[in-house]
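Following: one structure in structure tokens, then a few remarks.
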Amino acid sequence: MKVSSHAVAGMLGSWQEGPGPGHRRLSDRLRLLILDGRLFIGAALPSERDLATVLGTSRTTVGAAYRTLVEHGYLATRPRARATVRLPGDPPTGRRAAEGPSIIDLSLAAPSAPAEILHAAFATALEQLPRHFERHGYDRYGIRELREAVARRYGRRGLPTSSDQIMITNGAQHALALLARALLSPRDRVVIDHPTYPHAIRTFLDVRARPLPVAMTPAGWDATQLREAARAARLAYLIPDFHNPTGLLMPASVRRELVLPCPTIIDETMAELALEGEAPAPFAVHMPDAISVGSVSKSIWGGLRIGWIRATPALLERVEQVRPATGLGTPVVEQLATAVLLDERPTPRRETLRQLRDQRDALARALDEHLPHVRAPQPAGGLTLWATFPEPISSRLAAIAPDHGVAIAAGPRFGIGGAFERNVRLPYTLPPERLAEAVRGLARAERALTRGATGAHPPASVA
Ligand SMILES: Cc1ncc(COP(=O)(O)O)c(C=O)c1O
């Protein structure tokens, strides 16, 4: 969406005041507007000439400010098109990573499909499908069979749940987008773990809310800090189970004492990926008012695009009201197949968990061997390691890594304000030999960086 030069000028206010060169003041102010969510992701900024005219400054000043934002990853440019707002660390559009099999894609944390059980579940789903032919197929809450299966699943995990507490969505990301629309207004503050899942940050910025980051400690969550921050917030969003990106599990002692003074979304997308011991009980066992978001994307397969919200029927009604703008329902066959899969115990299968454990260990060994100075604590579950480099090189590393055969998501993608420049998220969702090859590529990229060779790709493509 285009933003007019007058709108940008209005948001900028008195940017001319203050020390330093004008282009620096302008780029700083624009960056703040982006971080604040006032200039939203994807917004197309005015041309340099138009903005310069309205601001009463030179085109050189605006051009230099835009270039700084491009260099730091806050703007993307294409020939003959307006510059568009982005966040540092967003993957390059067009996904260079997927361009060829020669580049190993470590930017996504998603396992492949368990082929046979999916085939069998879809065969059963097709047999059941005719039951639905007499109905219209538009079901904003999801089909009864799946809502009941999700509710039964919560029950088996220790949280009695009825099907009217469940709304089926097109994945957990869709659930978050719906909740953001239903619960947030522009300028509302949302407590987030810092780092956190990047598309959640984007979702909150898209509704012009303002993320309020609460730093995670090496052990995870600081309940006091969360409570303090939540006093000023409209909503909190936490990933206590095998957190993305750190893989941390919120300790039972913190769970028991965590009561926040604002509605709290608990993202349980990774909850069932326990690699050591049992999966934790659903968070709402401790926090009955929690708004839980779940998904089968990681425990079964992302291609199903099935997730859900567990909340009070009253809140689900509010969500149902905003749903049409994002789609009118969820495909019936996928829902039927997912219901079959959820009723088959256990998912994820033991075999999937064993494979993930082997891959996690292979990745750790490869890091030990090829990047021994990188710190990467071993998570007890989930799909990713959160690696810390000694130097703040993450964005530059992500920019040149494809030249060395691997694509990664830079640390700043998982935070706001350019944080996490020392970090890289490394998923272990590929076979051990591919992971080892990827780590060798990363080590080559790091050596190239420290030698001063910055590769062929401009930082704007990754930032
Ligand atoms: C923490 C978290 N929440 C939500 C999602 C999105 O899940 P889905 O694929 O079900 O939309 C992901 C995907 O990586 C995730 O890691």
Side-chain angles (χ1 to χ4, degrees), residues 89-91 95 97 105-113 142 146 150 153 166-181 190-204 206 211 216 220-221 235-250 264-275 279-280 282-283 290-310 319 323 326-327 330-331 334-335 337-338 341-342 347-348 356 379 381-386 408-409 413-415 425-430:
D90 279 356
R95 297 196 55 77
D105 190 356
L106 287 193
S107 66
L108 280 178
S112 53
L146 182 54
V150 172
R153 179 76 156 207
I166 303 294
M167 173 184 279
I168 304 302
T169 61
N170 305 339
Q173 176 58 34
H174 182 217
L176 288 179
L178 288 172
L179 287 166
R181 275 171 179 260
V190 185
V191 170
I192 55 167
D193 301 322
H194 204 221
T196 192
Y197 169 56
H199 293 311
I201 299 179
R202 175 170 281 201
T203 301
F204 300 136
D206 273 358
M216 293 186 66
W221 293 257
L235 184 70
Y237 166 75
L238 307 177
I239 315 169
D241 304 315
F242 312 122
H243 175 259
N244 183 0
T246 64
L248 284 164
L249 178 66
M250 186 183 282
T264 305
I265 297 177
I266 298 293
D267 186 333
E268 298 184 322
T269 301
M270 302 282 182
E272 297 194 46
L273 294 175
L275 300 184
F283 203 87
I291 304 162
S292 307
V293 163
S295 167
V296 294
S297 295
K298 311 297 172 174
S299 58
I300 304 177
W301 186 43
L304 285 166
R305 306 310 311 136
I306 297 284
W308 57 84
I309 303 169
R310 179 190 184 277
V319 176
R323 183 165 181 158
T326 69
T330 300
E334 275 73 2
Q335 292 188 76
T338 305
L341 289 162
L342 285 181
T347 52
L356 280 173
L383 299 173
T384 58
L385 292 178
W386 184 234
I408 51 166
R413 214 177 151 213
F414 300 84
R425 186 191 71 170
L426 298 175
Y428 38 85
T429 44
L430 294 175

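Numbering of ligands and ligand atoms starts at 1, following listing order.
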Subject >> With Arg425, the side-chain hydrogen bond (donor to acceptor under 3.5 Å, both in side chains) member among Thr246, Thr384, Asn244 >> reply: Asn244

Original post:
Under 4.0 angstrom from ligand 1, any heavy atom of His199?
Top reply: no

Subject >> Proximal ligand 1 atoms for Ile239, defined as those under 4.0 Å from one of its heavy atoms >> reply: 1 (C)

Subject >> Student check: side-chain heavy atoms of Pro427 and Leu106 closer than 4.5 Å >> reply: yes

Original post:
When you measure from the side chain of Glu268 to the backbone N and O of Ser292, does any donor-acceptor pair fall under 3.5 Å?
Top reply: no

Original post:
ligand 1 and Ala109, any nitrogen or oxygen pair closer than 3.5 angstrom?
Top reply: no

**OP:** Please say whether Ser297 places an N or O atom under 3.5 Å from an N or O atom belonging to ligand 1.
**Re:** yes

Original post:
Given side chains that start at C-beta, do those of Leu146 and Leu342 come closer than 4.5 Å, heavy atoms only?
Top reply: yes

Subject >> Protein contact to atom 14 (O) of ligand 1 [nearest heavy atom, distance to 0.1 Å] >> reply: Lys298 NZ, 2.8 Å

**OP:** Around atom 6 (C) of ligand 1, find the nearest protein heavy atom and jot down its residue, atom name and distance.
**Re:** Tyr197 OH, 3.2 Å

Subject >> atom 7 (O) of ligand 1 - nearest protein heavy atom and its distance >> reply: Ala172 CB, 3.6 Å

Original post:
For the atom pair CZ (Phe242) and NZ (Lys298), what is the distance rounded to the nearest 0.5 Å?
Top reply: 15.0 Å

**OP:** Tell me which part of Met270 gets within contact of ligand 1: side chain, backbone, both or neither, using heavy atoms under 4.0 Å.
**Re:** side chain

Original post:
Where is the nearest protein heavy atom to atom 16 (O) of ligand 1: which residue, which atom, and how far?
Top reply: Asn244 ND2, 2.8 Å

Original post:
With a cut-off of 4.0 Å, which atoms of ligand 1 are near a heavy atom of Gly171?
Top reply: 10 (O), 11 (O)

**OP:** Please examine the side chains of Leu248 and Trp221, heavy atoms only from C-beta on, and report whether any two atoms are closer than 4.5 Å.
**Re:** yes

Original post:
Is there a donor-acceptor contact under 3.5 Å from the side chain of Tyr237 to the main chain of Asp193?
Top reply: no

Subject >> Straight-line distance of Phe204 CZ to Leu235 CG, nearest 0.5 Å >> reply: 5.5 Å

Original post:
Side chain or backbone of His174 under 4.0 Å from ligand 1, or both, or neither, by non-hydrogen atoms?
Top reply: neither

Original post:
To the nearest 0.1 Å, how far is atom 2 (C) of ligand 1 from its closest protein heavy atom, and which atom is that?
Top reply: Asp267 OD2, 3.4 Å

Subject >> side-chain hydrogen bond (donor to acceptor under 3.5 Å, both in side chains), paired with Gln173, selected from Thr203, Asp267, Thr269 >> reply: Thr203

Subject >> Ser295, any N or O under 3.5 Å of ligand 1 N or O >> reply: yes

